[in-house]
Amino acid sequence: METKKRGKYKKSAKQKEKESLRRKQKRYERKLEKARHDRKLARTRREYNKRRREKRRKAKFERLKAQRAEERKLNKPKKRYKLIYARNKKQAGVFGTYYTLKDCYAALEKQVEKHKSVVFPKKLNNSRAITPFIGEYLVLEKNDTNPEEEATSVLRNKYGKMVTYKSGSKEWRIIDKREVEEEEDFWVYGYDSMKERKTYQWIVDNLLLKDLTADKEQYKRVQLFQNKLVILSDDDHLDMVICKAKSDGIRLYNKIEEEHFKRVLMLGFIGGQGNLKVRELMDKICAATGWSRMKVKRLSNRH
């Protein structure tokens with residue numbers, strides 16, 4: 001039995017049209033995919049190039065910045081003047097450094113002006129006598145003449161005599177100085193002996209003249225015992241100012257007597273320990289403060 005060979009399958013026109021559309025669709029999708037890939041690659045390259053440009057620009061900016069800073073450092077004028085404050089020949093503070101002498105003197109005058117309102121100047125007490133407190137503002141200049149040796153300068157003192165001064169530094173030399181006074185401060189009982197020290201004017205306003213009116217015959221009694229200034233009111237309320245030493249207490253007592261003798265009864269200095277008035281005063285101090293008699297008898301303020 002003979003078999004017939006099968007002939008090649010012929011596609012219909014409709015099928016051919018469908019395959020043609022499918023091929024076109026695939027080609028189109030491949031083109032789209034390639035376009036997307038190219039755009040992504042281009043975007044990546046642009047971003048890379050942008051980051052690279054930014055990095056180069058930043059590095060160039062940093063180089064220019066460092067170069068200009070170095071130029072400014074080389075060309076910038078140096079601060080050649082300094083203003084310091086010294087207490088008893090020892091440096092106590094630096095108020096600033098300045099480019100010009102004019103600015104330094106302007107700062108000096110501003111600081112000196114603050115010391116013109118001193119009412120009760122500070123004094124130093126030792127075992128022998130009261131010595132004046134020395135406060136000085138010093139104008140210093142860069143020592144360019146001989147930086148290997150300690151700087152010295154010759155200035156006129158307050159008596160008109162030419163005196164040689166040493167700055168204690170090889171870098172700076174003294175070109176001018178101004179002596180000033182400082183306001184004395186006191187320990188008022190009831191306040192911190194270090195952080196809340198009071199001035200003479202505060203003592204007058206808040207302890208002496210407080211509650212005193214002009215239309216009434218009111219007085220406050222002031223006594224000095226050792227280094228303690230005791231202020232008693234009419235109702236026997238006791239306020240006490242503890243001075244550094246007995247000599248300071250005498251100065252304070254005399255100042256109050258000189259300026260406010262019309263409103264205050266100055267009862268004088270009380271000394272010794274056998275006197276009845278002394279014992280009465282010591283009893284009042286002990287009752288008000290809780291101190292022992294030994295503590296009340298001390299001549300200094302080391303409580």
Which value, rounded to the nearest 0.5 Å, describes the distance between [X] atom [atom1] and [Y] atom [atom2]?
| X | Y | atom1 | atom2 | answer |
| --- | --- | --- | --- | --- |
| K26 | L21 | NZ | CG | 13.0 Å |
| K284 | L238 | NZ | CG | 8.0 Å |
| I231 | I256 | CD1 | CD1 | 5.5 Å |
| E196 | W202 | CD | CH2 | 9.0 Å |
| C286 | M294 | SG | CE | 11.0 Å |
| Q201 | N206 | CD | CG | 9.5 Å |

_Please check if the number of heavy atoms outside R52 that lie under 6.0 Å from its CZ is greater than 12._
no

### Message
Looking at E17, I'd like to know if its CD atom is crowded, meaning that more than 12 non-hydrogen atoms belonging to other residues, nucleotides or ligands lie closer than 6.0 Å.
### Response
no

message = Grouping I, L, V, M, F, W and Y whenever their side-chain heavy atoms are under 4.5 Å apart, do L83 and V180 come out in a common cluster?
response = yes

Taking [X] for its side chain and [Y] for its backbone only, find out whether a donor-acceptor pair lies under 3.5 Å.
| X | Y | answer |
| --- | --- | --- |
| K228 | M240 | no |
| S20 | K16 | no |
| R178 | L138 | no |
| Y189 | T289 | yes |
| R87 | A92 | no |
| E183 | V119 | yes |
| N143 | R173 | no |

Excluding L32, membership of its hydrophobic cluster (Ile, Leu, Val, Met, Phe, Trp, Tyr; side-chain heavy atoms within less than 4.5 Å) reads Y28

Excluding I134, membership of its hydrophobic cluster (Ile, Leu, Val, Met, Phe, Trp, Tyr; side-chain heavy atoms within less than 4.5 Å) reads none

Would you call [X]-[Y] a salt bridge at under 4.0 Å N-O?
| X | Y | answer |
| --- | --- | --- |
| D38 | K34 | yes |
| R36 | E33 | yes |
| E113 | K116 | yes |
| R57 | E54 | yes |
| R197 | E184 | no |

Can you name the nearest heavy-atom pair linking [X] to [Y], along with the distance?
| X | Y | value |
| --- | --- | --- |
| V296 | Q226 | O-CG, 4.3 Å |
| K220 | L208 | CD-O, 3.2 Å |
| V118 | E181 | CG2-O, 3.4 Å |
| D248 | C243 | CB-CB, 3.8 Å |
| R251 | F120 | NH2-CE2, 3.4 Å |
| T100 | Y81 | C-CD1, 3.6 Å |

Inset, instruction - Look at the rings of F95 and Y85 and say which category their plane angle falls in: under 30° parallel, 30 to 60° tilted, over 60° perpendicular. - result: perpendicular

Across all chains, not counting sequence neighbours, the ring pair (Phe, Tyr, Trp, His ring centres under 6.0 Å) partners of Y99 are none

Measure from NZ or CZ of K198 to the centre of the six-membered ring of Y191, then state whether that distance is under 6.0 Å and the direction lies within 45° of the axis. yes

* To do: Go through the steps for E257 and N254 under the test side-chain contact (heavy atoms from CB on, under 4.5 Å), then give the verdict.
  => CA-CA 5 Å; E257 185 177 27; N254 291 337; 4.2 Å; yes

Hey, does [Y] have a side-chain heavy atom less than 4.5 Å from the side chain of [X]?
| X | Y | answer |
| --- | --- | --- |
| R23 | R27 | yes |
| R298 | W291 | no |
| V188 | D239 | no |

Query - Pair Q25-R22, side-chain contact (heavy atoms from CB on, under 4.5 Å): steps then yes or no - result: CA-CA 5 Å; Q25 184 69 23; R22 202 178 297 118; 5.5 Å; no

Would E171 and K142 count as a side-chain contact (heavy atoms from CB on, under 4.5 Å) if you check the C-alpha gap in whole Å, the side-chain angles of each, and the deciding distance to 0.1 Å?
-> CA-CA 6 Å; E171 188 179 359; K142 278 279 188 181; 2.5 Å; yes

- Task: Evaluate side-chain contact (heavy atoms from CB on, under 4.5 Å) for D176 paired with Y105, printing each intermediate quantity in order.
- Result: CA-CA 10 Å; D176 198 0; Y105 271 107; 2.8 Å; yes

